[in-house]
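Throughout, a chain's letter reflects where its sequence line sits, starting with A, and its residues are numbered from 1. Worth knowing before you read on, the calculation uses all heavy atoms, side chains too, and leaves out hydrogens, waters and symmetry mates.
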Number of protein chains: 2
Amino acid sequence: MTGKDKPSKPEPSHKDAAPAGLPGDPRAFAVMTEISIIAHLADNLFARVLPDGLTVAQFAVLNHLLRLKKEETIGELASAHQVSQPTMSSTVRKLEDKKLVRLVPDAGDRRIKRVAVTRAGEAMRGEAVARMRPLAGELLGQIGEEDWARIHPVLTRLRILLDKAR
Amino acid sequence: MTGKDKPSKPEPSHKDAAPAGLPGDPRAFAVMTEISIIAHLADNLFARVLPDGLTVAQFAVLNHLLRLKKEETIGELASAHQVSQPTMSSTVRKLEDKKLVRLVPDAGDRRIKRVAVTRAGEAMRGEAVARMRPLAGELLGQIGEEDWARIHPVLTRLRILLDKAR
DNA sequence: TTGAAAAACATAGATATCTATTTTATATAT
DNA sequence: ATATATAAAATAGATATCTATGTTTTTCAA
């Protein structure tokens with residue numbers, strides 16, 4: 001995931017993509033399509049600027065724990081990040097292999113291990129944030145603050161609707 | 001992908017998730033996080049209502065070709081759907097195995113095979129659309145038309161920005 | 001005309017995700 | 001107290017994606 005070369009990368013051209021084109025509510029489908037493409041593009045772009053060996057999923061876990069300033073179980077992390085428990089187990093193990101987190105056993109419940117970010121983990125997250133800052137400023141800065149504010153509440157409502165329908 | 005049981009499925013609770021929390025432009029990051037979650041939830045939801053054996057990627061190809069009413073090469077499909085050429089080759093082969101598309105050799109250029117949807121493919125897409133209609137109506141109908149219209153142009157602008165930065 | 005570069009697709013190997021199941025530990029009901 | 005149900009995490013197997021590379025065909029320049 002170093003992203004130096006790009007041999008078989010898909011080329012621009014987004015007249016359309018995923019769902020879309022359904023009868024009934026074309027605009028809603030068009031918007032969902034845009035959202036799908038945006039998520040995909042942002043994810044790829046993000047992956048390219050991350051420090052070597054750190055995936056988006058791994059960064060997200062470090063960032064989550066450091067933002068909340070607390071330790072969480074694998075199950076809690078899986079819920080928060082919308083992935084299955086085995087997937088989060090795998091992500092956490094990779095972070096552990098790199099010494100970016102350590103697993104703290106729970107005193108009262110021996111099934112549980114809480115994930116704690118190490119110093120090295122903090123440093124790695126700091127580097128990741130530093131690397132994405134220019135890209136973020138350049139790109140996201142081109143959308144005005146008022147536009148972000150305009151779309152934010154609608155997207156939150158949509159996310160809550162979809163979340164309830166799971 | 002039948003989606004009958006759901007043992008290790010992540011549970012609700014979205015106080016937060018991926019990126020977010022970066023300094024500089026918190027709102028932009030919060031929005032990008034919402035977009036990422038929405039795309040993920042919609043994809044999963046969509047996958048669950050599709051006819052058995054049809055993946056989202058496969059449906060997207062059928063739908064794309066039927067909407068545009070034309071045949072396209074594997075390379076064109078890969079570009080349009082933001083995936084690598086080998087991925088699209090694989091998706092097309094699966095559709096071909098199920099007789100939902102057939103590969104039409106190009107008369108003038110023997111490297112090329114155009115992907116054409118079969119009758120069975122049309123029927124399958126029709127069934128997929130029929131199955132998702134109630135879900136779509138129920139969910140997406142809860143967001144007013146004016147809200148879709150409000151966020152659409154901003155999202156399109158954002159998508160174009162990200163696309164240029166690839 | 002022939003050799004090199006480019007293009008379209010296929011193949012190979014790696015990885016991240018998923019579902020299903022297993023293991024171990026805790027909670028609860030008889 | 002003991003048996004059963006629930007819960008947390010690990011393991012196993014499948015799949016969709018990616019990058020890197022190979023093969024075949026076409027294009028173009030010397």
Checklist entry - Can you check the B:L77 CG to C:dC9 C1' distance for me, whole Å? => result 13 Å
Next on the checklist: Any side-chain N or O of A:S89 below 4.0 angstrom from OP1/OP2 of D:dA10?
Outcome noted: yes
Next on the checklist: A:D109: which residues meet the salt bridge (charged side-chain N to carboxylate O under 4.0 Å, His left out) condition with it, sequence neighbours left out?
Outcome noted: A:R111
Item to check | Contacts of B:E72 that satisfy salt bridge (charged side-chain N to carboxylate O under 4.0 Å, His left out) - sequence neighbours left out | outcome: B:K70
Item to check | Listed partners of A:A165 passing side chain to side chain contact (heavy atoms under 4.5 Å, CB included), at least two apart | outcome: B:L45, B:L139
Next on the checklist: Suppose we screen for side-chain hydrogen bond (donor to acceptor under 3.5 Å, both in side chains). Which residues come up paired with B:D106, at least two apart in sequence or across chains?
Outcome noted: B:R114
Next on the checklist: Test: salt bridge (charged side-chain N to carboxylate O under 4.0 Å, His left out). Region: residues 30-40 of chain B. Which pairs qualify, not counting sequence neighbours?
Outcome noted: A:R159-B:E34
Item to check | Residues within residues 103-116 of chain B bordering DNA chain D, heavy-atom distance below 4.0 Å | outcome: B:G108, B:D109, B:R110, B:R111
Checklist entry - When the distance from CE of A:M88 to P of C:dT19 is rounded to whole Å, what number comes out? => result 14 Å
Checklist entry - Is it true that the side chains of A:S89 and A:Q85 contain a donor and an acceptor less than 3.5 Å apart? => result yes
Next on the checklist: Taking atom types as they are modelled, would you say the side chain of B:Q85 forms a donor-acceptor pair with the base of C:dA10 within the 3.5 Å cutoff?
Outcome noted: yes
When the side chains of residues 93-104 of chain A are checked against the rest of the protein, which donor-acceptor pairs come out under 3.5 Å, sequence neighbours left out?
unit_1: A:K94; atom_1: NZ; unit_2: A:S90; atom_2: OG; d: 2.9
unit_1: A:K98; atom_1: NZ; unit_2: A:G53; atom_2: O; d: 2.4
unit_1: A:K98; atom_1: NZ; unit_2: A:Q58; atom_2: OE1; d: 2.6

Checklist outcome for this item: Across all chains, not counting sequence neighbours, the side chain to side chain contact (heavy atoms under 4.5 Å, CB included) partners of B:N44 are B:H40
Item to check | side chain to side chain contact (heavy atoms under 4.5 Å, CB included) partners of B:R110, counting only residues at least two apart | outcome: none
Using nucleotides 15-17 of chain D, report all nitrogen or oxygen pairs with the protein that are shorter than 3.5 Å.
unit_1: D:dA16; atom_1: OP2; unit_2: B:K94; atom_2: NZ; d: 2.9

Checklist entry - To the nearest angstrom, how far is A:I74 atom CD1 from C:dT24 atom C1'? => result 14 Å
Next on the checklist: Taking side chain to side chain contact (heavy atoms under 4.5 Å, CB included) as the definition, give me every residue that meets it alongside A:R131, ordered by chain and number, with sequence neighbours left out.
Outcome noted: A:P51, A:E127
Item to check | Terminal axes of the helix from C:dT1-D:dA30 to C:dT30-D:dA1 (five pairs each): angle between them, nearest 10 degrees | outcome: 0°
